[in-house]
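Here the structure comes first, spelled out in structure tokens, and everything after it is commentary.
Within every chain, numbering begins at 1; the chains are lettered A, B, ... in the order of the sequence lines, protein sequences first and strands thereafter.
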Protein chains: 4
Amino acid sequence: MYHKIIIVGNLGRDPEMRFTPNGQPVTSFSVASNRRYTGADGQMVNETIWFRVTVWGKQAESCNQYLRQGSRVLVEGTLIPDTSTGSPRIFQRRDGTAGASFEVRAQTVKFLSARGETAEGAMLEAEPQETIEGEDEIPF
Amino acid sequence: MYHKIIIVGNLGRDPEMRFTPNGQPVTSFSVASNRRYTGADGQMVNETIWFRVTVWGKQAESCNQYLRQGSRVLVEGTLIPDTSTGSPRIFQRRDGTAGASFEVRAQTVKFLSARGETAEGAMLEAEPQETIEGEDEIPF
Amino acid sequence: MYHKIIIVGNLGRDPEMRFTPNGQPVTSFSVASNRRYTGADGQMVNETIWFRVTVWGKQAESCNQYLRQGSRVLVEGTLIPDTSTGSPRIFQRRDGTAGASFEVRAQTVKFLSARGETAEGAMLEAEPQETIEGEDEIPF
Amino acid sequence: MYHKIIIVGNLGRDPEMRFTPNGQPVTSFSVASNRRYTGADGQMVNETIWFRVTVWGKQAESCNQYLRQGSRVLVEGTLIPDTSTGSPRIFQRRDGTAGASFEVRAQTVKFLSARGETAEGAMLEAEPQETIEGEDEIPF
DNA sequence: TTTT
DNA sequence: TTTT
């Protein structure tokens with residue numbers, strides 16, 4: 001079937017890059033996305049939602065290189081469920097209480113800004129570039 | 001900021017409609033969405049993710065009226081976090097263990113099929129219709 | 001930057017597959033998507049929008065094999081502009097008048113039904129499967 | 001059925017606000033969205049696509065007030081076809097040639113930046129706020 | 001007509 | 001843990 005999530009938000013901390021046993025890079029970071037709305041009681045609600053994003057391959061490297069705490073990104077991806085329940089995975093926090101998170105596997109990460117970079121130009125230059133095979137040889 | 005989720009899936013059970021204290025209808029139902037992919041080890045993975053959807057107002061009524069267990073829908077909406085953590089809300093299951101779910105507040109529900117309905121035509125007739133004010137008086 | 005279009009609709013005709021000079025398959029088909037809404041004057045408007053979709057690579061083959069006139073699909077992709085204007089490309093119709101179309105390059109095509117297929121199960125079996133490298137060796 | 005477009009881009013000019021005969025505000029502006037990719041021939045392609053956006057009601061007013069040439073926005077909406085062809089409407093340019101554009105009716109416009117504003121804070125304060133009726137009285 |  |  002299909003599901004897709006699109007997020008605009010800011011990194012809560014610097015990203016972290018790891019490698020799988022066979023050398024593939026994986027970068028992860030948290031993204032906060034805020035909404036402000038007026039609730040039923042007329043009160044202003046300021047809601048923050050946090051996403052735990054993982055990105056693989058070439059984009060993992062550019063995210064690790066160019067994103068920093070506070071960077072604004074657009075992330076397009078898929079929610080990752082616990083494979084046995086189909087719901088968010090429950091984990092134990094250090095204090096023994098149960099936690100869960102919105103885990104997102106990113107297909108695309110776009111850099112909308114970057115804090116701590118000398119030039120935003122450099123950022124965009126480094127943005128993962130799509131290679132579209134056959135683009136110039138459309139047979140129609 | 002912004003986030004949006006779009007889901008195509010099937011209802012796990014018939015929807016349930018309730019009313020808020022001031023009479024607004026709210027319908028909720030669970031949607032299962034399946035993905036099939038080949039994992040790193042070459043094995044076929046069949047992943048099911050469950051969403052708990054709530055829909056308000058007029059659409060609540062048409063969803064309650066026309067959707068049934070097995071109906072296929074497209075849902076467009078927003079994930080609802082726990083307001084204190086920004087992550088999925090943790091609840092106690094009856095057996096005492098902790099649970100969490102992907103809670104979605106629907107802005108739009110489209111009926112892609114309906115089980116138990118005589119005609120899909122009837123379904124589509126019932127699909128929530130947008131009223132677009134001023135549509136025919138564009139000043140440009 | 002970023003733009004994305006998501007469409008649910010039905011094929012107006014059977015798809016057509018071609019090959020680029022270096023042998024890459026490209027399949028194209030038209031998708032009609034209908035909306036029903038109430039205009040400002042209270043009149044019911046039944047709007048049909050047509051998209052001209054192209055899909056490349058493995059998905060081109062499965063689309064060509066399994067989709068038929070009337071098949072329902074979900075398409076996720078990008079609009080293709082005229083490279084010189086950034087707007088829809090203008091072409092000459094056979095009668096000499098000017099035409100334009102909503103050209104979409106698909107990243108994903110999901111089969112939501114298929115006319116002419118004996119079983120929907122067969123369809124879904126053929127749905128393009130994602131290979132997610134490293135999926136099972138998450139280092140976190 | 002369903003279709004949806006999501007765009008991130010910059011305004012080419014200041015927005016323009018008009019009113020329908022019965023006083024409803026409508027604001028329109030053009031948004032450019034750029035993509036950079038490597039074509040089949042290995043050459044770098046820098047593609048710009050232009051969208052002509054219209055937004056109605058309260059959001060029309062805040063867009064007119066806070067957006068300026070160069071402002072970055074996220075637009076979520078629907079493509080508007082020519083009602084007789086289902087394709088982009090063809091118009092006559094002043095030089096007599098035919099033109100077409102990607103017309104989008106916005107459901108949501110999010111301000112990702114604004115040029116010419118003294119404070120971005122003021123911007124976001126003015127961002128259209130959703131009123132979610134019954135939000136605090138969920139009956140489940 | 002924008003932006004990098 | 002972010003941002004306004």
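In this structure, A:Arg68 atom CZ and F:dT1 atom C1' are separated by 16 Å, rounded to whole Å. When rounded to the nearest whole Å, the span between CG of D:Leu112 and C1' of F:dT2 equals 15 Å. Between D:Phe111 atom CZ and F:dT4 atom C1' the separation is 13 Å, expressed in whole Å. In this structure, A:Arg72 places its CZ atom 14 Å from P of F:dT2, rounding to the nearest Å. When the P atom of E:dT2 is taken as reference, atom NE2 of C:His3 falls 20 Å away, rounded to whole Å. Rounded to whole Å, atom P of E:dT4 lies 8 Å from atom CE of C:Met1. Atom pair D:Asn46:CG and E:dT3:C1' shows a separation of 10 Å (rounding to whole Å applied). Rounded to an integer number of Å, the gap from A:Arg94 CZ to F:dT1 C1' is 13 Å.
With hydrogens and angles disregarded, no donor-acceptor distance shorter than 3.5 Å links the side chain of A:Ser33 to the backbone of A:Gly9. Side chain of A:Asp14 to backbone of A:Gln69: a donor-acceptor contact under 3.5 angstrom is found.
Minimum atom distance to the side chain of A:Ser30 is reached by F:dT1, of the listed E:dT1, F:dT1, F:dT2. Closest to the side chain of A:Trp50, from the set F:dT1, E:dT1, E:dT3, is F:dT1. With F:dT2, E:dT3, E:dT1 as the choices, the nucleotide that has an atom nearest any side-chain atom of A:Gln69 turns out to be F:dT2.
The salt bridge (charged side-chain N to carboxylate O under 4.0 Å, His left out) check on D:Glu76 picks up B:Lys4, D:Lys4, with sequence neighbours excluded. Partners of C:Phe51 by ring-ring contact (aromatic ring centres under 6.0 Å, His included), not counting sequence neighbours, listed by chain and number: C:Phe102, D:His3.
In terms of polar N and O atoms assigned as donor or acceptor, the side chain of D:Asn34 comes within less than 3.5 Å of the base of E:dT3 in a complementary pairing. The base of E:dT2 lies close enough to the side chain of D:Thr48 for a donor and an acceptor atom to sit less than 3.5 Å apart. With hydrogens and angles ignored, a donor-acceptor pair closer than 3.5 Å exists between the side chain of A:Arg36 and the base of F:dT4.
When all heavy atoms are compared, the tightest approach of D:Leu74 to D:Val8 is CD1-CG2, 4.0 Å.
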